[in-house]
Structure formats: structure tokens, C-alpha cells
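The next block holds one structure in the form of C-alpha cells; read it before the comments.
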Amino acid sequence: MPTVSGRLIRQLPVGVLVTNSVVALIAAMVVLIAGRPDWWPAFATACGVAVVNAVLSLWIIAGAAGKSADHVVTMVMLLAGVRIGVSILGLITAVLALSLNPEATAVMICGFYAATLIVESALVHRALKAEPAPSQSLQGNQG
């Protein structure tokens with residue numbers, strides 16, 4: 001079973017950090033351009049949820065270094081599930097407990113989630129595609 005190099009494990013957190021930074025910048029520009037100061041609390045909440053998810057990414061992915069490709073894919077899928085759970089809990093808390101705008105909060109949290117999922121999937125796909133396949137001899141034992 002091929003293993004995934006530590007390079008992917010280092011690229012995933014960096015990819016998540018860059019992705020979250022870009023999404024935060026875009027969301028902030030939307031709030032500014034739309035002229036909706038009432039959306040800033042939703043923006044702050046979405047950024048907070050993204051930070052929690054990024055920390056979970058580091059924790060879950062750190063254990064995948066040097067493991068089999070199947071293990072890394074499983075961990076990334078687990079991470080996607082954990083991230084959606086944290087995102088839903090963050091959204092419910094923001095809307096019910098903090099009385100934030102549900103549409104703005106949901107769109108921003110979903111933006112962070114979707115962008116991160118796309119980047120992680122692309123990095124894992126590229127890493128697994130680049131891994132050398134185990135060589136198999138067609139000649140077998142000629143003895």
C-alpha cells in the first residue's frame with residue numbers, strides 16, 4: 001500500500017490557512033460593498049467557526065503523516081464531516097443564541113466550508129495522483 005509523503009500533510013494546513021484568508025477577505029469586501037454593517041457580527045462568527053475548523057484540520061491531519069493513502073483519504077473525509085458538524089453548530093448558535101442574521105451567517109459559513117473542502121480535495125487528489133504506483137512484475141517467478 002503506498003504511503004503519502006509528509007509534503008501533503010504540510011500542504012493541507014497551509015492550503016486551509018490561505019483559503020480561509022481569501023474567503024475572509026472576499027466576505028469582508030462583500031459586507032463593505034453591500035453597506036450592511038449588521039452583517040459584521042455574522043462575518044465575525046463565520047471567521048470564528050473557520051478558525052475552529054482550521055485547528056481541527058491541523059489536529060486530524062497531523063496524525064496522517066506517513067500513513068497509507070487510504071488512511072489519509074479517510075482522515076480527510078472524517079475532517080470534512082467534523083467541519084460540517086462544527087459549521088452547523090456554529091450556525092445554530094449564531095442564529096438562536098446570538099440572534100444574528102441567518103442568511104448572512106449561513107452564506108458566510110458555507111463559503112468557508114465549501115472553499116476549504118475544494119482546496120483539501122484538490123491537494124489530496126494531486127498528492128495521490130503524484131504518488132508512484134507500486135511496481136508489479138508481469139513476469140512473476142520464472143524459476
For Gly15 and Leu123, the nearest pair of non-hydrogen atoms, with its separation, is CA-CD1, 4.4 Å
Are Met75 and Val82 connected, step by step, through hydrophobic side chains (Ile, Leu, Val, Met, Phe, Trp, Tyr) whose heavy atoms are closer than 4.5 Å? yes
In short, Pro102 meets Leu91 closest at the heavy-atom pair O-CD1, 4.3 Å
The complete set of side-chain hydrogen bond (donor to acceptor under 3.5 Å, both in side chains) pairs with one or both residues in residues 100-111, sequence neighbours excluded, reads none
Thr19 meets the side chain to side chain donor-acceptor pair (under 3.5 Å) criterion, sequence neighbours left out, with none
As a quick check of understanding, evaluate side-chain contact (heavy atoms from CB on, under 4.5 Å) for Leu12 and Val124, giving each step before the final call.
CA-CA 8 Å; Leu12 282 171; Val124 170; 4.3 Å; yes
Candidate pair Leu117 and Arg83, rule side-chain contact (heavy atoms from CB on, under 4.5 Å), full reasoning: CA-CA 9 Å; Leu117 184 63; Arg83 223 181 10 255; 4.0 Å; yes
| task | Answer with yes or no whether the hydrophobic clustering places Ile109 together with Leu79; edges join I, L, V, M, F, W, Y residues whose side-chain heavy atoms lie under 4.5 Å apart. | result | yes
Looking only at heavy atoms, the pair that brings Ala94 and Thr45 closest together is CB-CG2, 3.6 Å
Next on the checklist: Measuring only between side-chain heavy atoms, which start at C-beta, is Val119 closer than 4.5 Å to Val16?
Outcome noted: no
Here the pair of heavy atoms bringing Ala80 nearest to Tyr113 is O-OH, 3.4 Å
Show the numbers, then the answer: is there a side-chain contact (heavy atoms from CB on, under 4.5 Å) between Asn53 and Thr116?
CA-CA 10 Å; Asn53 282 330; Thr116 302; over 6 Å; no
Same apolar cluster (I L V M F W Y, side chains within < 4.5 Å links), Leu96/Ile88: yes
Exercise. Under a 4.5 Å side-chain heavy-atom rule over Ile, Leu, Val, Met, Phe, Trp and Tyr, are Phe43 and Leu32 clustered together?
Worked result: yes
OG of Ser87 to CD1 of Ile92, rounded to nearest 0.5 Å, is 11.0 Å
Between Leu100 and Pro41 the two heavy atoms that sit nearest each other are CD2-CB, 3.4 Å
Here the side-chain hydrogen bond (donor to acceptor under 3.5 Å, both in side chains) pairs for residues 26-41, sequence neighbours left out, are Arg36-Asp38
- Transitive ILVMFWY side-chain link Leu56 to Val49, under 4.5 Å: yes
